[in-house]
2 protein chains.
Amino acid sequence: MLRTELSRRASCSPETVRHYERIGLIEAPPRSTAGYRLYSTVHLRQVCFIRAARSLGFDLDEIRRMLVLARQPDAPCRPLDAVTKTHLRHIDEKIEQLRHLREALARILASCEGGKIATCGIVEALHGEDCQTKPNPSGFNHGGAHITR
Amino acid sequence: MLRTELSRRASCSPETVRHYERIGLIEAPPRSTAGYRLYSTVHLRQVCFIRAARSLGFDLDEIRRMLVLARQPDAPCRPLDAVTKTHLRHIDEKIEQLRHLREALARILASCEGGKIATCGIVEALHGEDCQTKPNPSGFNHGGAHITR
DNA sequence: AATGAACCCTGTAATCGTTACAGGGTCAAG
DNA sequence: CTTGACCCTGTAACGATTACAGGGTTCATT
């Protein structure tokens with residue numbers, strides 16, 4: 001099959017398929033006399049694998065490693081399991097971060113009372129306390145130009 | 001103050017400050033005779049605002065709009081409130097997505113029983129069902145090259 | 001036979017936010 | 001005078017994907 005059909009069956013764009021070949025994630029397929037890429041169902045399975053993993057949030061480098069592992073039917077699948085577990089931990093961390101962030105944002109939002117910008121809690125919150133006019137939080141300027149001309 | 005001091009007080013890198021100027025997020029400061037950028041505390045406040053908003057996950061385009069709003073003390077802060085609320089919704093959506101993703105991944109992980117790759121549920125799950133050998137999910141190939149030579 | 005439409009090829013640049021590099025100049029202290 | 005820390009500029013890298021320009025090929029319909 002040609003590139004567009006492969007991409008359609010794997011639910012991605014033709015450009016993405018070319019990209020995967022360019023970065024060596026899938027092998028370059030044979031070509032027709034006109035130079036067209038001729039894909040087999042083996043390629044299709046690989047691209048489907050990649051897309052499924054991408055949609056689960058794996059990055060292409062993780063996927064590259066997974067493909068190497070998945071290619072050997074007789075190898076133990078513990079290493080693949082390990083990659084997946086690590087990824088799951090990353091996702092848990094990301095969720096945790098977003099929760100904190102959500103909380104902070106909600107707090108800030110609550111401080112707005114619908115008045116003018118000048119008295120808005122959001123604006124104030126976003127200016128923080130640890131920057132401001134305090135000149136030199138931890139000494140620096142080790143030999144350098146003037147500080148404040 | 002010079003760029004490094006500004007960046008240190010705003011907790012970012014000097015390059016980031018230059019970047020913000022380049023994309024017009026902060027105004028270009030006056031220069032010393034040697035061509036050095038000379039920042040005031042007004043710039044500092046702006047960069048702090050930006051960094052605080054970034055750490056809450058706003059993108060630079062949202063921040064650009066917020067800066068315009070925040071600059072007018074007498075304007076009502078409802079528009080700013082709206083931007084923030086929209087962002088909060090985005091975060092909630094992202095958390096929800098990640099939860100789904102986490103669930104899917106955990107299910108897949110559970111299907112691995114520690115045997116060989118050939119029988120591993122992870123590999124199988126990642127190959128999905130909606131690609132495979134089915135040739136033409138929704139008719140296409142409107143006047144084009146051969147489908148399968 | 002000619003035309004149009006849908007595909008194919010290539011190389012390159014865009015996106016987002018940030019960092020890094022190269023190849024210079026400036027300034028103060030040792 | 002050297003060292004070191006900073007300054008300047010322009011440009012390219014990251015990751016994943018998309019977009020564009022400027023071609024060529026195949027097939028169906030006029």
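Because the structure is a prediction, the values reported are computed rather than measured. We name chains A, B, ... by the order of the sequence lines, and we start the count at 1 in each one. Hydrogens, waters and symmetry mates are skipped; everything else that's a heavy atom, side chains included, is used.
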Query raised in the report: Would you call A:Arg18-A:Glu21 a salt bridge at under 4.0 Å N-O?
Result: no

Report summary line: So ring-ring contact (aromatic ring centres under 6.0 Å, His included) across residues 61-82 of chain A, not counting sequence neighbours, yields none

Requested in this report: Sorted by first residue and then second, give each ring-ring contact (aromatic ring centres under 6.0 Å, His included) pair with at least one member in residues 43-82 of chain B; sequence neighbours left out.
Outcome: A:His127-B:Phe49, B:Tyr39-B:His43, B:Phe58-B:His87

Report task. Would you list the pairs meeting salt bridge (charged side-chain N to carboxylate O under 4.0 Å, His left out) in which at least one residue belongs to residues 52-64 of chain B, sequence neighbours left out? Result -> B:Asp61-B:Arg64

Report task. Might you point out which heavy atoms bring A:Ala104 and B:Leu56 nearest each other, and give the distance in Å? Result -> CB-CD2, 3.8 Å

Send over the distance from [X] [atom1] to [N] [atom2], rounded to a whole Å.
X	N	atom1	atom2	value
B:Ile23	C:dT19	CD1	P	13 Å
B:Arg31	D:dC7	CZ	C1'	10 Å
A:Leu6	C:dA6	CG	P	20 Å
A:Tyr36	C:dC8	OH	P	8 Å

Report task. To the nearest 10°, let me know how far the axis at one end of the helix from C:dA1-D:dT30 to C:dG30-D:dC1 is tilted from the axis at the other, five pairs an end. Result -> 30°

Requested in this report: Please examine the side chains of A:Arg99 and A:Glu96, heavy atoms only from C-beta on, and report whether any two atoms are closer than 4.5 Å.
Outcome: yes

Report task. Return the residues of residues 12-22 of chain A meeting this criterion: a heavy atom under 4.0 Å from some atom of DNA chain D. Order them by number, or give none. Result -> A:Ser13, A:Glu15, A:Thr16, A:Arg18, A:His19, A:Tyr20

Query raised in the report: Do any side-chain nitrogens or oxygens of B:Arg3 fall under 4.0 Å of OP1 or OP2 in D:dC8?
Result: yes

Query raised in the report: Is the shortest side-chain N/O distance from A:Arg37 to OP1 or OP2 of D:dT25 below 4.0 Å?
Result: no

Report task. Look at the side-chain heavy atoms of Ile, Leu, Val, Met, Phe, Trp and Tyr, link any pair under 4.5 Å apart, and say whether B:Leu25 and B:Val42 land in one connected group. Result -> no

Requested in this report: Please list residues of residues 57-65 of chain B whose heavy atoms come under 4.0 Å from any atom in DNA chain C, ordered by number; otherwise none.
Outcome: B:Asp59, B:Leu60

